[in-house]
Amino acid sequence: DAGITQSPRYKITETGRQVTLMCHQTWSHSYMFWYRQDLGHGLRLIYYSAAADITDKGEVPDGYVVSRSKTENFPLTLESATRSQTSVYFCASSYPGQGHTEAFFGQGTRLTVV
Amino acid sequence: AQSVSQHNHHVILSEAASLELGCNYSYGGTVNLFWYVQYPGQHLQLLLMYFSGYPLVKGIKGFEAEFIKSKFSFNLRKPSVQWSDTAEYFCAVNPNGANNLFFGTGTRLTVIP
C-alpha cells in the first residue's frame with residue numbers, strides 16, 4: 001500500500017541497548033521527519049532530512065542518530081537507549097510546494113525502555 | 001523563544017455543543033498554519049491548513065479555523081461536536097518557509113454523548 005509506514009509498532013527494550021525504528025514512504029517525498037510525542041510537550045522534532053544523504057538536527061537530537069541513504073527510508077537509531085527515551089515516535093514526510101509544507105504521518109512506534 | 005501555544009489542555013463538552021480551541025504563535029513574518037487531529041490510538045491526520053488568501057478556512061468533518069494575523073492566532077472551531085470528535089488536536093506552524101513544523105502541546109477533547 002502506498003503511504004508512510006513505520007516498524008515496529010511497539011517495542012520494549014532495555015536500557016543501554018541499541019534500537020532502530022524504521023520509516024518507509026512510497027511517495028518519493030523529499031522531506032522526512034522524526035518526532036517524539038510526550039505528554040505535556042506535544043510533538044518535538046528530533047531530526048529531519050531534506051533529501052537523501054542530507055540530514056539535520058531538530059529540537060531534541062541528543063541520543064539519536066539518523067541516516068538517509070535512499071529517499072524512501074529514514075531510520076532512527078537510539079544508540080544506547082535510556083528511560084527518558086520512552087515515548088511514541090512518529091515519522092512524517094512532506095513535499096514542499098507553493099511555500100508550504102503539509103506533513104503526512106506514519107502510525108507511530110510506541111517505544112518503552114525498561 | 002518562539003513557540004506555538006495551545007492554552008486549553010483538556011476540554012470536555014457534551015454532544016452538540018460548540019467548540020473553539022485556541023492556538024497562538026509567536027513567529028513573525030509569513031507563516032503557514034495547520035490543525036492536526038489524532039484519534040485514540042491513531043496517527044496524526046491533517047484537519048485543515050492555511051497558507052494564504054481568505055483567513056477563514058474550512059476543513060474536513062465540519063471544522064473551520066480563522067487566521068487573525070494581528071492576534072497571531074489560528075483558532076479551531078466547530079459549531080456542533082459529536083462523540084466521534086473525541087481526540088487530541090494539535091496546532092502547528094510552518095514559519096518563514098522553514099521546512100518543518102512546530103507543534104503546540106495539544107488539546108485533548110472529550111465529547112460526552
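Numbered from 1 within each chain, the chains take letters A, B, ... in sequence-line order.
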Exercise. Where does A/Leu43 contact chain B at under 4.5 Å (heavy atoms): side chain, backbone, both or neither?
Worked result: both

Exercise. If we ignore angles and hydrogens, is there a donor and acceptor under 3.5 Å between the side chains of A/Ser28 and A/Thr71?
Worked result: no

For this session: Measure distances from B/Leu44 to the heavy atoms of chain A and classify the residue's part below 4.5 Å as side chain, backbone, both or neither.
Result: both

For this session: Tell me, for B/Gln45 versus chain A, whether the close heavy atoms (under 4.5 Å) come from the side chain, the backbone, both or neither.
Result: neither

Exercise. Between the side chains of B/Thr110 and B/His10, is a donor N or O closer than 3.5 angstrom to an acceptor N or O?
Worked result: yes

Exercise. Any luck finding a side-chain donor-acceptor pair between A/Ser84 and A/Thr82 under 3.5 Å?
Worked result: yes

Exercise. A/Arg110, A/Gln107, A/His41, A/Glu59: which one forms the most heavy-atom pairs within less than 4.5 Å of chain B?
Worked result: A/Gln107

Problem set entry | B/Tyr36 ring center within less than 6.0 Å of A/Phe105 ring center | yes

For this session: Select one option (side chain, backbone, both, neither) describing which atoms of A/Gln6 are under 4.5 Å from chain B's heavy atoms.
Result: neither

Exercise. Thinking salt bridges, do A/Asp53 and A/Arg68 make one under a 4.0 Å N-O criterion?
Worked result: no

Exercise. Can B/Arg108 and B/Tyr89 be counted as having a side-chain donor-acceptor contact under 3.5 angstrom?
Worked result: no

Exercise. If contact means a heavy atom pair closer than 4.5 Å, which residues of residues 56-66 of chain B contact chain A?
Worked result: none

